[in-house]
Amino acid sequence: MDNQIMAEEYAISQDKQREITKLCIQTALLLLQHGAESMLVEQLSTRLGLALGVHQVETAISANAVVLTTIVNGHCQTSTRKIVDRGINMHVVTEVQHIVILVEHHLADIDEARKRFEHIKPLRYPRWIIIVMVALSCGCFSKLNGGDWDGFLVSALGGGMGMWVRQLLTHRQVNPLINFCITAFVATSVSGLLLKLPYFQVTATISMAASVLLLVPGFPLINAVADMFKGHVNTGLARWAMATMLTLATCLGVILAMAVWELRDWA
């Protein structure tokens, strides 16, 4: 009789452990899909598991997959998920952190946490706002580097058109490397052809370089360095390699545009 009761209690604990494991790996997956660094992923998934009652959480992160194991009384449960890039979105990262903090402070149980995870949706700004802000940032970059207001206009038009093309290709799920190459070609072509007009003949060519500012992979490079510095060398190298490939694709698009339209060299 006692053995039967113990078996039933262990079965219940197994079910609960399975649910906790699912939530922990969902935490890791959401963070990795939306641009969080590996150490933050490892810390938050571990904190959530411990707050929900498991004794230990072990996480292994690679370039395209995450493996997570929870341990209760020596019994392990392991889950694996494939990472699909959803684009950088700090809103999702912040929402996941908020859920973990609520669980740690006993303001949410496992059911509440599950419901909150199901209702997380990436915050997306309207496309036209992104295009306008990217155009302004490219124009400001030109102005800060010695360009005049004509250069500001050229950079803004080139950057805005490039961002529109990038959004269009992203919506059609085009490979990121091809996306960056085509976007760089369009942005350089627009700004370079404007510089060939008589009105912009005296405009500094820095405006053509500023028009591709939107393609600088700053966030992936920062995460790559952070991962390697904090011990996640393999993941950091993978992110560094991807950022380098994106940079090379951008350079290819710029060089192709300059060759096709016989544009002036950059300042």
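Note that this is a predicted model, so its numbers are computed, not measured. All residue numbers in this chain count up from 1 along the given sequence.
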Under 3.5 Å: donor-acceptor pair, side chain of His55, backbone of Asn73: yes
Note, Ser45 side chain near Leu68 side chain (heavy atom, < 4.5 Å): yes
Leu50 versus Val57, closest heavy-atom pair with distance: N-CG2, 4.4 Å
Gap separating the CD1 atom of Ile131 from the CD atom of Gln167, nearest 0.5 angstrom: 4.5 Å
From CG (Leu32) to OG1 (Thr59), nearest 0.5 Å: 9.5 Å
Side-chain heavy atoms of Trp261 within contact of Ser189, under 4.5 Å: yes
Thr235 and Arg239: CA distance, side-chain angles, deciding distance, side chain to side chain contact (heavy atoms under 4.5 Å, CB included) verdict: CA-CA 6 Å; Thr235 308; Arg239 288 180 169 178; 4.1 Å; yes
Side-chain heavy-atom pair Pro220, Met242 within 4.5 angstrom cut-off: no
Check: Ser155 side chain, Ser207 main-chain N or O, donor-acceptor pair, under 3.5 Å: yes
Pairwise side-chain contact, Leu44 with Gln97, heavy-atom cut-off 4.5 Å (strictly under): yes
Reported OG1-to-CG distance for the pair Thr188 and Leu256, which is rounded to 0.5 angstrom: 9.5 Å
Distance (rounded to the nearest 0.5 Å) between Phe117 CZ and Leu48 CG: 5.5 Å
For the student: nearest non-hydrogen atoms of Ala28 and Val66, plus distance: CB-CG2, 4.1 Å
Reference residue Arg47; test side-chain contact (heavy atoms from CB on, under 4.5 Å); the match among Val103, Leu52, Ile101: Ile101
Enclosure of Met245 CE (heavy-atom neighbours >12, cutoff 6.0 Å): no
Side chain to side chain, Glu104 and Val100, heavy atoms closer than 4.5 Å: yes
ILVMFWY cluster, Ile61 and Ile25 together (side-chain gap under 4.5 Å): yes
Asp150 side-chain N/O to Phe200 backbone N/O, donor-acceptor pair under 3.5 Å: no
Gln17 and Thr70 side chains, donor-acceptor separation under 3.5 Å: yes
Nearest heavy-atom neighbours spanning Ile83 and Ala63: CD1-O, 4.4 Å
Worked verdict on Glu118 versus Arg114 for salt bridge (charged side-chain N to carboxylate O under 4.0 Å, His left out): CA-CA 6 Å; Glu118 291 173 354; Arg114 188 189 305 110; 5.4 Å; no
Trp128 with Leu169, same ILVMFWY side-chain cluster at under 4.5 Å: no
Worked check of side chain to side chain contact (heavy atoms under 4.5 Å, CB included) between Phe185 and Leu252: CA-CA 8 Å; Phe185 177 84; Leu252 180 61; over 6 Å; no
Euclidean distance, Ser211 OG relative to Ile206 CD1, rounded to 0.5 Å: 10.0 Å
Crowding at CE, Met228 (>12 non-hydrogen neighbours, <6.0 Å): yes
Exceeds 12 heavy-atom contacts within 6.0 angstrom, atom CZ of Arg172: no
Exercise: identify the closest heavy-atom pair between Val212 and Ala187: CG1-CB, 4.0 Å
Any side-chain heavy-atom pair of Val154 and Leu195 under 4.5 Å: yes
Arg18 backbone acceptor or donor facing Gln77 side chain under 3.5 Å: yes
Closest non-hydrogen atom pair, His34 against Pro122: NE2-CG, 3.8 Å
Under 3.5 Å donor-acceptor, Arg166 side chain and Leu214 backbone: yes
Side-chain heavy-atom pair Phe219, Ile222 within 4.5 angstrom cut-off: no
Flag, side chain of Thr183 to backbone of Phe180, donor-acceptor distance under 3.5 Å: no
Same apolar cluster (I L V M F W Y, side chains within < 4.5 Å links), Leu193/Met258: yes
pair Glu95-Leu123: side-chain heavy atoms closer than 4.5 Å: no
Test side chain to side chain contact (heavy atoms under 4.5 Å, CB included) applied to Leu246 and Leu215, step by step: CA-CA 8 Å; Leu246 292 174; Leu215 298 175; over 6 Å; no
For the student: nearest non-hydrogen atoms of Thr21 and Ser79, plus distance: CG2-CB, 4.0 Å
Connected via hydrophobic side-chain network under 4.5 Å: Leu221 and Leu213: no
Criterion side chain to side chain contact (heavy atoms under 4.5 Å, CB included) on Asp15 and Glu19, from CA distance to verdict: CA-CA 6 Å; Asp15 292 337; Glu19 292 300 318; 5.9 Å; no
Atom pair CG/OG1 of Leu29 and Thr80 - distance to nearest 0.5 Å: 11.5 Å
Verify same cluster id: Met163, Leu177 (apolar side-chain graph, 4.5 Å): yes
